[in-house]
Amino acid sequence: MAKRVILAYSGGLDTSVAVRWITEEWGAEVIALAADVGQSSDDDWETIRQRALAAGAVEAIVADVRDEYAEEFVLPALQANALYEGKYPLVSALSRPVIVRHLVRAARAHGADAVAHGCTGKGNDQVRFEVSSRALAPDLEVLAPVRTWGFTRDDAIDYAHAHGIPIRVRKDSPYSIDENLWGRAIECGIIEDPWVEPPEAAYALTGSVANAPAEPTQVVVGFEHGVPVSLDGAALPLRELIATLGVTVGRYGWGRIDMVENRRVGIKSREIYECPAALALVLAHADLESITLERDLLREKARLEPRYAELVYDGLWHSPLRAALDAFVGASQRPVTGEVRLRLEPGRCFVAGRRAERALYDYELATYDAADAFRHDDAAGFVRLWGLGVETIARRQGPPE
Ligand code: ARG
């Protein structure tokens with residue numbers, strides 16, 4: 001049995017109860033680790049740290065992992081245009097491996113023999129925590145108290161009261177929220193009925209279309225080698241660029257996703273997401289690729305992108321295939337330098353223009369104007385050879401029925 005445990009701590013009800021429950025039931029010391037991945041919170045980090053200590057943690061650590069999350073996890077996923085089942089930019093799936101990296105680091109620094117998380121047995125996040133942890137530190141035990149204790153929400157509240165654990169129970173929020181700088185996931189409550197339209201109050205990062213500014217606007221996103229580096233010409237570090245773009249796009253009421261997705265554990269679940277920055281950046285990035293990447297590379301990359309998203313979704317960030325796909329994607333990004341003009345209208349965000357100094361798009365070749373550089377005579381022989389095979393069939397065997 002573990003003696004000292006690093007617990008991924010959110011400051012919420014379950015992980016607060018978990019601090020004490022692990023201590024009492026499993027007799028281990030708990031060190032709480034709260035990771036700042038860019039989630040918004042009603043409490044500051046010191047309040048969250050103090051809450052973990054008050055719940056019985058022997059130590060509580062806050063790790064600001066926002067920049068490494070943006071640069072080492074979000075960026076490769078953006079470059080892979082990664083959307084799970086064609087829609088979901090992997091908000092929660094990307095954050096788990098960075099959190100686990102810090103759990104394992106803390107375990108080494110504090111001589112712990114286990115890590116723990118507060119996930120239930122029904123979701124994907126337990127898979128991501130545990131698989132990542134085993135990939136990085138197979139010697140560490142992974143504990144899942146919430147999966148073990150079988151408390152209802154009311155049981156957990158009673159436990160907290162009985163043990164004097166300070167909690168802030170938000171009766172007004174009927175949803176389970178997971179958030180970081182790449183977006184926000186909303187689960188539970190009435191949206192578990194896939195027929196029910198999510199109430200406006202479920203959203204925090206995107207406004208309603210009715211409240212969007214009536215005047216359209218535009219934002220120019222600048223990329224260098226596949227990395228978003230500027231907005232309207234002003235250079236910004238990735239994390240700030242994501243945050244700034246998210247606010248603008250969200251105000252126009254764009255960036256919401258309503259889907260029924262296939263979880264790794266075999267359940268179909270109705271999920272609501274709001275990812276204004278992530279969706280706008282994938283849109284812009286993929287568009288810039290369309291004028292800077294050669295056709296065969298673009299097509300092969302497009303074939304691999306869904307596979308990349310599945311791997312990350314399924315908790316296999318730390319897999320040789322993900323690393324190899326990242327190498328492929330990374331190698332493809334050298335020419336992806338240029339600008340994409342996004343136009344925002346109430347409830348809409350679309351590409352209104354794109355340009356790149358080294359674009360493969362060549363006006364002289366593409367234009368239907370008189371002064372083009374295309375050698376029209378070359379076309380006749382090319383097309384004749386292209387059709388030679390089917391022509392031969394027609395001559396020898398007759399045309400198709
Ligand atoms: N269904 C999404 C995913 O698997 C979101 C999970 C949200 N997690 C949460 N603890 N509420 O990536």
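Counting starts at 1 for both ligands and their atoms, in listed order. Note that the structure is a prediction, hence the values are computed from the model and not measured.
In summary, Lys87 and Glu271 do not engage in a salt bridge, as defined by a charged side-chain N under 4.0 Å from a carboxylate O. In this structure, Glu187 pairs ionically with Arg263, as a charged nitrogen and a carboxylate oxygen lie closer than 4.0 Å. Salt-bridge formation is detected for the pair Glu200/Arg256: a Lys NZ or Arg NE/NH1/NH2 atom is positioned less than 4.0 Å from an Asp or Glu carboxylate oxygen. With respect to the salt-bridge test (charged N to carboxylate O, under 4.0 angstrom), the residues Arg270 and Asp258 qualify.
Proximity of Arg128 to ligand 1 is established by a heavy-atom distance of less than 4.0 Å. For the ligand labelled ligand 1, residue Tyr84 lies outside the 4.0 Å heavy-atom shell.
Residue contacts with ligand 1 for Tyr273 involve side-chain atoms from C-beta outward but no N, CA, C or O (heavy atoms, distance under 4.0 Å). With a 4.0 Å cut-off on non-hydrogen atoms, Glu261 touches ligand 1 through its side chain and not its backbone. Within the 4.0 Å heavy-atom criterion, the part of Asp125 lying near ligand 1 is the side chain and not the backbone.
The side-chain heavy atoms of Thr248 and Leu231, taken from C-beta on, include no pair separated by under 4.5 Å.
Counting the atoms of ligand 1 from 1 in the order shown, those under 4.0 Å from a heavy atom of Asp178 are 7 (C), 8 (N), 9 (C), 11 (N). Ligand 1 places these atoms under 4.0 Å from at least one heavy atom of Asn124: 3 (C), 4 (O). When each atom of ligand 1 is checked for a heavy atom of Ser92 under 4.0 Å away, the hits are 5 (C), 6 (C), 7 (C), 8 (N), 12 (O). Residue Ser176 approaches ligand 1 through these ligand atoms, each under 4.0 Å from one of its heavy atoms: 11 (N).
Nearest protein neighbour of atom 12 (O) of ligand 1, counting heavy atoms only, is Tyr88 OH, 2.6 Å.
On a distance-only criterion, Glu271 and ligand 1 share at least one N/O pair closer than 3.5 Å.
A donor-acceptor contact closer than 3.5 angstrom is absent between the side chains of Tyr69 and Asp36. Using modelled atom types and a 3.5 Å distance limit, the side chains of His102 and Glu68 yield a donor-acceptor pair.
Ring pair Trp182/Phe73: centre-to-centre distance not below 6.0 Å.
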